[in-house]
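Have a look at the structure below before the remarks.
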Amino acid sequence: MYHLKGLNEAQQAAVETVEGPILVLAGAGSGKTRVVTYRIANLLELGIPSSKILGVTFTNKAAGEMQERVRTLTQSNVLISTFHSLGARILRESIHVLGYKSQFSIYDEDDTYKLLKACIDDLAITDKKMEPKAFKQLISQAKNNLQGPEDCEKGPSPLEELFPSVYARYQTYLQEYHALDFDDLLYLTVKLLRDHPEVLENYQNRWAFLLIDEYQDTNQAQYEMVRLLVARSGNICVVGDPDQSIYSWRGANIKNILNFEMDFPGAKVVRLEQNYRSRSNILEAANALIGFNFNRYEKNLWSDLGPGEKIKHFTGDTEQDEARFVADRIAYYHDKHKIPLKEMVVFYRTNSQSRVFEDRFLFKRIPYVIIGGISFYQRREIKDILAFLKMVHSSSDFISFSRTINIPKRGIGEASIEKIRIGATQEGLSIIDFCEKLVRGESLMFPIKLTPKQRQGLTEYLNIINELKRISKDCSLKEVVISAIEQSGYLKILAEDRETFDDRKGNLDELITKSIEWELATESPSLGAFLEELSLKSTLDETSSEQDRVNFMTIHNGKGLEFPVVFIVGMEEDLFPHANSRDSKEAIEEERRLCYVGMTRAKEYLYLADARTRYLWGTSRTQRPSRFLKEIPSKYVEKLRSGISAAYPRRSRQNEEFIEEIDQTKGAVGFDEIVLGDAVFHNEFGVGIVQEMSQGSLGLTYKIHFSKGNDTKSIVAKYANLKKL
DNA sequence: CAATCCTGATTTTTT
DNA sequence: ATCAGGATTG
């Protein structure tokens with residue numbers, strides 16, 4: 001069989017096992033993706049119809065990539081989906097038995113906070129400490145554990161005492177608005193499948209071969225969903241690595257993978273332990289680190305790619321120093337080793353760390369891209385337009401109504417919106433139907449007084465929605481999106497802020513482009529399907545261009561990726577491992593797994609960096625090096641000299657790379673842009689001209705003549721943050 | 001109801 | 001330091 005060429009024994013076993021439960025313990029870089037795609041190819045070759053196969057992955061991006069690989073290999077289309085889209089798909093078809101309309105909206109985090117706020121206000125909870133966020137956490141937890149409001153009891157704390165009633169109300173509203181939050185996509189799917197055998201049977205018959213990726217990160221609801229779906233066929237293949245479980249804070253239960261053999265008796269277990277990605281110095285260092293975890297299944301991941309270079313550890317004086325070092329190294333690899341920028345990555349623990357790197361890379365003019373972070377679909381202008389479209393799609397969606405009703409300003413503020421909400425509920429009408437009756441002055445049990453301006457505004461709004469509904473019936477998706485932008489007069493609103501206009505308009509144009517592309521790529525395009533797909537899209541899925549840029553991302557977002565050159569920065573206690581993990585042994589172990597994931601992304605070069613002091617919560621803090629640095633055996637690590645001195649290596653230094661680097665930049669690394677005669681800007685003294693450059697005891701020192709005060713001062717480059725003009 | 005100013009939190013990770 | 005949301009004022 002052509003598939004089996006080039007696979008090792010364990011990989012072949014995983015590919016060839018067709019029936020029954022199978023657990024593939026796939027260490028980092030062990031060729032997991034290949035095994036999965038070949039396994040699907042093998043199923044197809046055995047004559048199993050592609051429609052009988054279902055793959056489930058963690059992200060849309062992973063799903064898309066796998067689908068593409070399978071298509072390339074076999075010319076077949078196999079359904080590969082995330083848990084959440086799978087839930088959405090099933091619910092779209094069958095949710096009516098739970099009393100929701102099949103055109104339900106999907107609420108993102110933002111929407112759910114708004115709804116929760118309404119619930120909190122409803123219950124006359126005035127305590128400021130009772131934030132939507134806290135309740136969201138509890139509700140999410142409950143749903144992930146398959147507990148409905150009726151299963152929740154009051155707890156001892158004030159928050160826990162209110163929680164059941166908030167949850168109940170929240171869920172009632174969601175149902176009333178025919179809206180689902182993210183967790184509902186799993187929770188309601190399980191509820192549906194569990195309580196309605198005839199529905200379950202339908203899906204059990206549809207998919208006879210299930211394949212679950214990243215199984216170590218499944219939560220209770222996902223686990224239950226899988227269990228229900230395979231109960232009939234028993235053909236389930238799960239792939240995962242307990243050492244890479246990094247989502248327990250989101251309800252992922254590592255026991256799901258550890259208990260697989262118990263849950264599915266007779267399961268075959270295959271271990272993939274040869275790593276094809278990393279040099280052995282890197283891999284062995286990572287193995288040693290993860291060995292510090294107590295709670296763990298032993299495994300022996302090995303590589304025959306040769307030792308490679310040692311891991312480099314750099315300690316900066318400050319976070320700027322750290323960023324400067326990373327930027328210089330990346331410039332060096334790009335210039336001297338001709339490594340494309342996009343093959344290098346900076347990993348950090350928290351998003352806020354990206355800031356310093358952005359500053360530095362902007363300054364050095366090294367192109368970069370942040371993966372993750374604020375999503376395109378979270379931008380206000382995009383959310384606004386999508387909210388209009390959601391109103392077109394579902395006239396019950398109150399959150400989208402309240403988002404759009406006052407765009408542009410129609411004199412309908414918070415108070416009026418609240419009255420409308422209550423009115424609609426009491427009349428038992430959808431928001432739109434209620435408003436229709438209201439403006440027509442039809443008799444209502446609960447009439448609301450409107451000012452003439454409000455009445456007119458509301459009428460206009462309803463006209464817009466109706467017009468858009470008409471367009472959505474007759475025209476292409478593109479037309480609907482364009483009309484929504486035009487009809488709402490949105491560009492006029494954007495134009496009020498000249499600063500951001502171009503940016504935001506560009507985003508709207510991109511939305512139009514996306515709608516065109518999507519319509520072309522989709523078999524039966526509809527507004528509903530489009531909205532659903534966008535709701536489930538995450539920031540990670542926007543791996544847009546093929547441009548050559550350095551990647552910045554959190555380590556969480558790096559899972560599943562690999563890079564020749566990897567920098568892990570901020571290796572400091574309370575940052576990585578994070579302060580919030582300090583008192584929990586389990587949490588520390590998860591941080592360690594996270595570090596393991598970061599390290600095992602690297603193929604050739606791995607850098608670890610920390611800073612002695614860092615600005616955190618407003619003030620400069622002295623940082624202690626991460627315990628992980630101490631846990632990595634020193635034989636795998638080369639310690640680089642710290643602080644500004646790294647920019648001035650002694651000539652006697654053996655490291656050729658550094659000498660090349662210095663020659664190349666003709667002076668101080670990081671200050672190479674400033675030379676004699678340059679005009680510069682100093683924060684305190686203003687604009688000046690560089691008169692002299694010298695090597696002082698504190699490092700590179702400029703004599704600068706400042707026009708303000710007509711004065712020449714000595715400025716130490718390291719401390720001044722001079723800007724070239 | 002809308003605009004402006006002020007305060008206080010905010011920084012863990014996200015399908 | 002920045003930003004969101006709240007309070008205050010028009």
Side-chain angles (χ1 to χ4, degrees), chain A residues 56-63 81-88 106 108-110 112-114 117 126 128-129 131-133 136-137 140 143-144 181-187 213-214 217-219 221-222 225 245-252 319 347-356 359 371-375 377-378 380 405-406 408-419 450-451 453-454 457 496 535-541 553-560 570 574-582 584 587 590-591 593-595 597-598 614-621:
Chain A
V56 182
T57 61
F58 206 63
T59 64
N60 290 300
K61 189 176 157 222
S81 161
T82 63
F83 273 106
H84 289 86
S85 347
L86 177 64
I106 297 172
D108 68 8
E109 191 120 310
D110 224 49
T112 59
Y113 284 154
K114 283 184 181 159
K117 183 131 195 338
T126 48
K128 290 258 172 55
K129 284 268 166 330
E131 287 181 336
K133 210 172 167 183
K136 180 74 210 310
Q137 178 85 26
S140 194
K143 286 184 177 175
N144 283 336
D181 68 14
F182 254 136
D183 301 312
D184 280 339
L185 294 173
L186 308 175
Y187 165 66
D213 194 15
E214 307 282 13
D217 283 325
T218 51
N219 64 30
Q222 290 163 330
M225 200 159 136
S245 162
I246 54 176
Y247 283 101
S248 75
W249 49 273
R250 223 175 61 194
E319 71 269 33
F347 282 137
Y348 35 78
R349 178 66 239 268
T350 68
N351 277 310
S352 58
Q353 286 169 260
S354 72
R355 191 65 171 271
V356 202
D359 286 349
I371 310 287
I374 310 133
S375 161
Y377 301 101
Q378 281 168 18
R380 201 188 63 212
I405 180 62
N406 219 16
K409 300 257 186 299
R410 295 186 169 94
I412 299 172
E414 210 180 322
S416 308
I417 292 174
E418 181 63 9
K419 280 184 212 159
L450 294 174
T451 65
K453 189 184 166 196
Q454 288 178 323
E496 284 165 18
S535 318
L536 296 174
K537 270 241 149 75
S538 80
T539 58
L540 296 185
D541 306 323
M553 67 184 91
T554 62
I555 307 171
H556 281 87
N557 283 336
K559 195 170 77 161
D574 287 352
L575 187 57
F576 192 23
H578 195 271
N580 294 9
S581 317
R582 205 187 314 187
S584 153
E590 177 144 323
E591 296 284 306
R593 289 195 293 270
L594 189 58
C595 187
V597 167
R614 180 180 294 271
Y615 275 96
L616 231 46
W617 302 298
T619 43
S620 175
R621 277 194 45 166

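Just so you know, these numbers use all the heavy atoms, side chains as well, and skip hydrogens, waters and symmetry mates.
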Between [X] ([atom1]) and [N] ([atom2]), how many Å, whole number?
X      : N      : atom1 : atom2 : value
A:K133 : C:dG5  : NZ    : C1'   : 14 Å
A:I405 : B:dC1  : CD1   : P     : 12 Å
A:E590 : B:dT12 : CD    : C1'   : 11 Å
A:R349 : B:dT11 : CZ    : P     : 13 Å
A:I246 : B:dT14 : CD1   : P     : 9 Å
A:Y247 : B:dT12 : OH    : C1'   : 11 Å
A:Y615 : C:dT2  : OH    : C1'   : 16 Å
A:R593 : B:dT12 : CZ    : C1'   : 15 Å

Looking at every strand, decide which applies to [X] at a 4.0 Å heavy-atom threshold: base, sugar-phosphate, or nothing.
X      : answer
A:H84  : base
A:D217 : nothing
A:D574 : nothing
A:K117 : sugar-phosphate

Verify stack between A:W249 ring and B:dT13 base, 5.5 Å, 30 degrees: yes

Starting from the C-alpha separation in whole Å, work towards a yes-or-no answer on side-chain hydrogen bond (donor to acceptor under 3.5 Å, both in side chains) for A:T350 and A:Q353. CA-CA 6 Å; A:T350 68; A:Q353 286 169 260; 3.2 Å; yes

Nucleotides 4-6 of chain B: which of its N/O atoms have a protein N/O under 3.5 Å away?
none

Proximity to the side chain of [X] - top-ranked nucleotide from [options]:
X      : options                : answer
A:T554 : B:dT12, B:dT11, B:dT14 : B:dT14
A:H578 : B:dT11, B:dT12, B:dT15 : B:dT12
A:T350 : B:dT12, B:dT15, B:dA2  : B:dT12
A:N580 : B:dC1, B:dT15, B:dT12  : B:dT12
A:K409 : B:dC1, B:dA2, B:dT15   : B:dA2

[X] side chain to [Y] backbone, donor-acceptor under 3.5 Å:
X      : Y      : answer
A:R410 : A:I405 : yes
A:E591 : A:S581 : no
A:H556 : A:I246 : yes

Watson-Crick or G-U wobble partner of B:dA9, both distances under 3.5 Å: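 Looking at the geometry, B:dA9 pairs with C:dT2.
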
_SB check A:D181 A:K136 (cutoff 4.0 Å)_ =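 Salt bridge between A:D181 and A:K136, a charged N being under 4.0 Å from a carboxylate O: no.
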
Does [X] put a side-chain nitrogen or oxygen below 4.0 Å from OP1 or OP2 of [N]?
X      : N      : result
A:N144 : B:dT15 : no
A:S416 : B:dC1  : yes
A:S85  : B:dT15 : no
A:N351 : B:dT13 : yes
A:N557 : B:dT14 : yes
A:N406 : B:dC1  : no

Next item on the list: Check whether any side-chain heavy atom of A:N219 sits under 4.5 Å from a side-chain heavy atom of A:F83, and report yes or no.
Entry: no

Here the pair of heavy atoms bringing A:D217 nearest to A:S245 is OD1-CA, 3.6 Å

Nearest heavy-atom pair of A:F58 and A:T82: which atoms, and what distance?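 Minimum heavy-atom separation between A:F58 and A:T82: O-CG2, 3.9 Å.
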
Worksheet item: Any donor-acceptor pair under 3.5 Å joining the side chain of A:R250 to the base of B:dT13?
Response: no

- Query: Does atom OH of A:Y113 have more than 12 heavy-atom neighbours, drawn from other residues, nucleotides or ligands, at distances under 6.0 Å?
  - Reply: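 It does: A:Y113 OH has more than 12 such atoms within range.
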
